[in-house]
Amino acid sequence: MSEPIEEFRGRARAWLNQNMPPLSPAAWDRRAEGRRAVERDLQRRVWDGGFAGICFPAEYGGLGLAPEYQDVFSDESAPYDMPFTFNLPTFSILAATLVDFGTHEQKLRHLPAILKGDELWVQFLSEPSGGSDLAGCLTRADRDGDVFVLNGSKIWSSGAAESDYAMCLARTNWDVPKHRGLTIFILKIHQPGVKVEQIRQVDGSMEFCQEFFDDVVVPVTDVVGEIDDGWTVATRLLTHERSAVGGHSKYISGRSIGHDPSNDDDNTIVQLVRDLGLEQDRHARQLVAEAQVRQMVSRALIDRVSRGIAAGAASPASGAILKLFLATGVMRRTEIGLDIAGEVAAAWPVQEPHTPGQIMSEMSLWRQGISLGGGSNEIQRNIISERVLGMPREYAADREIPYRDVKRTGG
Amino acid sequence: MSEPIEEFRGRARAWLNQNMPPLSPAAWDRRAEGRRAVERDLQRRVWDGGFAGICFPAEYGGLGLAPEYQDVFSDESAPYDMPFTFNLPTFSILAATLVDFGTHEQKLRHLPAILKGDELWVQFLSEPSGGSDLAGCLTRADRDGDVFVLNGSKIWSSGAAESDYAMCLARTNWDVPKHRGLTIFILKIHQPGVKVEQIRQVDGSMEFCQEFFDDVVVPVTDVVGEIDDGWTVATRLLTHERSAVGGHSKYISGRSIGHDPSNDDDNTIVQLVRDLGLEQDRHARQLVAEAQVRQMVSRALIDRVSRGIAAGAASPASGAILKLFLATGVMRRTEIGLDIAGEVAAAWPVQEPHTPGQIMSEMSLWRQGISLGGGSNEIQRNIISERVLGMPREYAADREIPYRDVKRTGG
Amino acid sequence: MTPLLDDRVACAAVELDLTEDQAFFAQTTRKFLAAECSITAVRALESSDDGFDRDYWRRGCELGWTSMLVSEADGGGSLSDHGILDLVLVAEEMGAAVAPGPLVPVSVVASTISAHGSPAQKRTWLPGLLSGELIAAWVSGDGAIVEAGAQADVFLVTVDGEQRIVAAADATISPLVGLDLVRRFARVEISADAGEPIGGDGERELQIAVALQSAETCGAMQRIFDVTLEYMADRYSFGRPLSSYQALKHRVADNKMHLEASHAIATAAARAIAEDAPDANEVVSAAKSYIGAIATELIQDCVQLHGGIGVTWEHDLHLYLRRATVNRATYGTPTEHRERIAATIVGAA
Amino acid sequence: MTPLLDDRVACAAVELDLTEDQAFFAQTTRKFLAAECSITAVRALESSDDGFDRDYWRRGCELGWTSMLVSEADGGGSLSDHGILDLVLVAEEMGAAVAPGPLVPVSVVASTISAHGSPAQKRTWLPGLLSGELIAAWVSGDGAIVEAGAQADVFLVTVDGEQRIVAAADATISPLVGLDLVRRFARVEISADAGEPIGGDGERELQIAVALQSAETCGAMQRIFDVTLEYMADRYSFGRPLSSYQALKHRVADNKMHLEASHAIATAAARAIAEDAPDANEVVSAAKSYIGAIATELIQDCVQLHGGIGVTWEHDLHLYLRRATVNRATYGTPTEHRERIAATIVGAA
């Protein structure tokens, strides 16, 4: 029998109070340097306290408890600074996929290390030529006895420069249709032959990276799932990603921030209304309320879809609904913020960085980021129409022909 | 040399003042019975006064003048009740197509009759099975010596029950791909073998009809354009339709109403704001202004696109931009109207028909009508992307195969 | 298209954690409506004065439609501990069938009488409301339009947070005509000293009205969404089914998102009322402002996806559009409910 | 992608009825900007104080950028009878190049001095503004942010319909940092008795500012639209070019509609000013409220159509997005301009 949940809550509350620092704005500054080092330490504290990996299997360092325990711990952790970075993608996407497809040895080697805060993971899926077409992978992995040799390039990996391992999708067979010749590898990031370059984003952040592989040697024992069946693994990985980004992964630990930046936007919008004295403006009031309604609906939707998936009543692909709602919500709320901000979105005092106007304005630059990362809105709409609703699949010109014969960008 | 335009204006003003009745709301009640008879008489007056068919060729009863003369006449006619029904589709679509493709005999027989108010025309294009796919025509015309025998059914013809002639699209060859076996016929509506049924619309109006053809005999001399090349004629007809509905046909006579119902909506919206005492409500003010802005932009856009097409700088297909702007504008303005109306859109006094709330509410039922008739918004978006912007054509499963082999609804 | 309807039921079941009793109740209501309330039957009521058949309503009441918000002591009784969670199932089914009947006003008034009425008030009105012999209507504020106002035997009148119970004989009633074929409204004038006081302040009443209305609108949206999806699969254009066109698929995907979001917030509203949550007013207003605005857009888009047939009288789409449009406009518009939410965030206007 | 740019020019030509002089003027400006103002050059100015190179600005002035709204008697002169119709061509080209330079404030102030200035005011300021040696800025109302406020030698100050000319030495200037990489703003404080009165009431000034800004935003939108269309044709996904996906094609079609509508109302605004139309204020506000709101949405959609590369610093999209966002927020927001229109329809607030 598990510990009674209210006992668990009391124990978590007491422990958090004694061991974790209070939450500060630094926790969600995407541009802060050294934040990952802080989080590694925070995760180690959680591990030492016995609260790491609440829903991960006990066999691999987790607690093996039901999602309700994670919810309770997350609730209680709201006032504290937590290792948010580990949630996405390490815990909720990569470790989750490893739980599903890793060998016993792979899990033993990596899951406890992840839960201790020793390993941050990222995914190497997208390629410069590829966009949303992840299976249109050109990075190659050529077999040479007990190893594969990787060459190619990946892009849009979030935080790769400061992470340790990646799951990397590569083509191992060019003579079969695109989805059938792919393999997923566990790849140590910082090793000879791997070059990581940071990409500067429109808002000045350097979160995304591009990687270049030059004869990188990977042992066959680091294949996840079956050779040439990497698409099965990647599909699961993407399902975990949609769940995580949409807000209903049981592997996420800690409340809201780290996966829901929108609460901050709403605070910014309300702050703007106050700063600009628009409390009595019926137009501004409508906008503030609309932003708030979106948040309330979002929470209700996450609850509905998560429970639907858990109960088997809704397709696992329904996570796409959450991702699309989140992304389109960010678009609309940013628009609302700009409308309310008026001219303070154009320029701000040199001495006072992070005015609400500046925050809203810079957020608007980055607005489409959430509509692109983790599967674009277009991909989510394809998934909803085709996989959730069963509408006919879109015509693809690259289906059922050997991948080497497929027409590509610039070709 | 034509008459100097300001002289023409003075003459038109004086004549209109003496001969045409003042404008009354009855003119644009879509449900009014007997309206067409009134308009036939009005058009006859215009003909007798020498102002009919200002831009139609003089050879066939028109005045052969430049569009500026029509603009002047329309301007001056604003305060009067005019034969609006003739504008669309008779003048601007069917007579326009007859000018382009009719034989000399066809034009002589029909154009003066049209301009005298003796003939109202409609188009028989859509079919019950077809939707937007006009070339997917199943109505058949089988050659028998000097005549064709028509069998089949048409639908969505506006006002057919009270009209005289139609241009009817029928399949004359089933052994060639869909667009190559079609022919356009001039069809007398009220004759043996033609049954016309009125269709009741959501708002109670009976404007649209369905027709059933049972061995209807049509002489070969009533073919418009070439046999089996009816798609060329239909395409031009549709271009005239987009121009007319979008608001820039030179064959339309009389200002605004009859092709721009939106002015009425705007008046209704402003009336609602006044009736409900919302003049000082910043939210309602934003909405009223937004509706007004759309109207101003619409006028500017009609001007830009018409001149672009006339100067050859823009594709004739650009009329689709106008149609789409008009249709999406109706959607948005109806939404604005409902928002402002609040609960007066739900119910209204028995004794006071046509309250602004009722008008807005019933308009909203019919809102998509303009987004469907005259080529749906989806068709306009196809045209803009493919024909105006040159993006790749949509895959069609019925291209380049004999039409009898094409897969159809219910088959 | 049975699979879709099954999917809907399954989803609702998950969301509302239906008990066996509740599932049976919903199913009984669905079967009753299917038998008694075909679209043909609804259309036939257009010209009737009441907009619903009295016998139909009495038999609905026998199924428990009016008892869920009335305490057992008062002769009512719910299936779960929270009658509102049972009653939204009826509302959703009624939306799916565009069924007639004064479910919202009778529920609101019966609930208030059971919660706050004197023994005499309860004796006078509750048996008739429970059996369907009597009809009640809610007059909220001055000058508002009143659902079932001309059919009601008794009014609950709420003005400035004070409530009274007034017999219809003491009111001046002007029937209205409206957009919905079978839902009737009236203007009701009541003198300030008519009737007897009763407790409550109108907040709970509004919560119940909006929660039921939201569930009803969700039922209507879901039905139209399903019908449209089916139509798109069957209808060929340019040699391909409509459902194969990506531009349409993406719009349907957006509609699916809005539909699920609507169900989600409707459920959240019912639960917030059931749990007497501190933010119940806010959640209820979120439901109204979200669903009210999205429902008409979603159904209009379904009209568009149907093509010309969608704007004919013959097709049933407009009955649902009328219902959604009327629901949007009554018991507070989306704009008015957003204003209520704004008041909690940045203070009263 | 030359055909598209040609199409743009051709359309603009049709719309503005360009004379040969005007076409040559637009072309000269385009060539000058292409040579002097590559995106690389613009990016290099990010860290500069002024945000533009003084020599570049002087040479732009030699092309006539600042003379179009100044009468010939004052040393200026336009190509057509209506300088505003000439000057929007410059603004549109500058938008297409996200070019730097204080075109709007200098134009507004020079125009006012030419129209209303005393001989002494004209002598003091116009030669320098015409040659580009001096910079002017417009302080509109209390507390508003001022374009080129920290670069200006002279201010036109408009408060409650009264205008004054104030030398920079008499003002307190606090530079700001902002979203646009090269457009600079400042807060400017000026005591009520500083400077000398000048005629005009600020209405014409706002018309000119908004007309130029609208044309600039149109130029920026057009460029991004063209670039995106080209990208979609070249980029393959799932073995097909992006431009072959119907869901994307339909969005591009909507964007094309909004783009043409933006050009149309921008042109209408410039014409209304040129013709001194009675509804000029309204048309100008229509331009601002329509273009201001649609431009950021259109460019954001182009970011989305580009995928991840669209949110990188390296790609030029964000320079255009920054410009459009700043243009939207200055010289009255879309919301404020809609409020102006509402005042003409239902009365002042």
Side-chain angles (χ1 to χ4, degrees), chain B residues 266 269-270 273-274 278-282 284-315 318 320-326 328-329 377-378 380-395, chain D residues 3-4 7 9-15 17 225 229 232-233 240-241 243-246 248-269 271 279 282-283 285-291 293 334-335 337-349:
Chain B
D266 281 352
I269 290 172
V270 173
V273 169
R274 296 231 164 85
L278 296 172
E279 292 94 336
Q280 294 300 309
D281 181 310
R282 282 259 300 166
R285 291 169 70 84
Q286 286 288 311
L287 293 176
V288 164
E290 186 191 338
Q292 171 79 355
V293 167
R294 276 213 158 256
Q295 289 304 92
M296 297 171 80
V297 174
S298 178
R299 284 193 291 273
L301 183 61
I302 290 170
D303 182 57
R304 173 178 171 88
V305 172
S306 314
R307 303 200 315 156
I309 294 174
S315 151
S318 302
I321 296 172
L322 301 181
K323 173 65 170 55
L324 184 61
F325 194 86
L326 177 70
T328 51
N377 292 355
E378 291 74 24
Q380 307 306 329
R381 291 188 180 104
N382 282 346
I383 292 171
I384 295 168
S385 56
E386 296 176 7
R387 289 199 239 158
V388 177
L389 297 172
M391 300 177 87
R393 282 184 68 184
E394 194 58 22
Y395 167 74
Chain D
L4 289 167
D7 179 55
V9 172
C11 271
V14 169
E15 281 311 295
D17 286 330
F225 180 85
L229 201 57
M232 292 175 72
R240 292 164 50 181
S243 57
S244 74
Y245 286 92
Q246 197 192 30
L248 307 186
K249 285 163 63 183
H250 279 204
R251 269 159 53 193
V252 170
D254 283 339
N255 287 343
K256 171 71 173 170
M257 174 185 78
H258 289 304
L259 179 63
E260 291 299 322
S262 296
H263 281 303
I265 194 69
T267 301
R271 281 196 190 140
D279 63 349
E282 215 178 336
V283 180
S285 286
K288 178 59 189 264
S289 61
Y290 189 81
I291 297 170
T335 297
H337 281 278
R338 276 192 293 267
E339 178 55 38
R340 286 166 63 90
I341 290 169
T344 69
I345 305 173
V346 293

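Each chain gets a letter, A, B and so on, in the order the sequences are listed, and its residues count up from 1.
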Taking only residues two or more places apart in sequence, or in another chain, which ones meet D:Ser285 in a side-chain hydrogen bond (donor to acceptor under 3.5 Å, both in side chains)?
D:His337, D:Arg340
Checking D:Ala343 against chain B: side chain, backbone, both or neither under 4.5 Å from a heavy atom?
both
Per-residue tally against chain B (heavy atom, under 4.5 Å) across D:Asp279, D:Asp254, D:Thr344 peaks at D:Asp254
Give a yes or no on whether a salt bridge exists between B:Glu290 and D:Arg338, defined as a side-chain N under 4.0 angstrom from a carboxylate O.
no
Which portion of B:Glu386 sits near chain D, non-hydrogen atoms under 4.5 angstrom:
side chain
What part of B:Val288 is in contact with chain D, defined as an atom under 4.5 angstrom from a non-hydrogen atom: side chain, backbone, both or neither?
both
May I ask you to name which of D:Ala349, D:Ala268, D:Gly347 has the most heavy-atom pairs under 4.5 Å with chain B?
D:Ala349
Okay, B:Arg274 and chain D: the region with an atom under 4.5 Å from a heavy atom over there is side chain
Do D:Lys249 and B:Arg381 make a side-chain contact, defined as non-hydrogen atoms from C-beta onward lying under 4.5 Å apart?
no
For a quick test of reading the model, state the closest non-hydrogen atom pair linking D:Ser289 to B:Val293 and the distance between them.
OG-CG2, 3.4 Å
Donor-acceptor under 3.5 Å (B:Gln292 side chain, D:Ile345 main chain):
no
Contact summary for B:Ala289 and D:Ala342, nearest pair of heavy atoms:
CB-N, 4.0 Å
Within a strict 4.5 Å, meaning less than it, do heavy atoms of the B:Arg304 and D:Ile265 side chains meet?
no
Quick one: are B:Leu301 and D:His263 in side-chain contact, heavy atoms under 4.5 Å?
no
Which atoms of D:Ser244 approach chain B - backbone, side chain, both or neither, heavy atom under 4.5 Å:
both
How would you list, by chain and number, every residue that makes a side-chain hydrogen bond (donor to acceptor under 3.5 Å, both in side chains) with B:Asn382, sequence neighbours excluded?
D:Gln246, D:His250
When you measure from the side chain of B:Glu279 to the backbone of D:Ala348, do you find a donor-acceptor pair of N or O atoms at a distance under 3.5 Å?
no
When D:Arg240, D:Glu282, D:Arg251 are compared by non-hydrogen pairs under 4.5 Å with chain B, the top option
D:Glu282
What heavy-atom pair brings B:Arg285 and D:Val346 nearest, and what distance separates the two atoms?
NH1-CG2, 3.7 Å
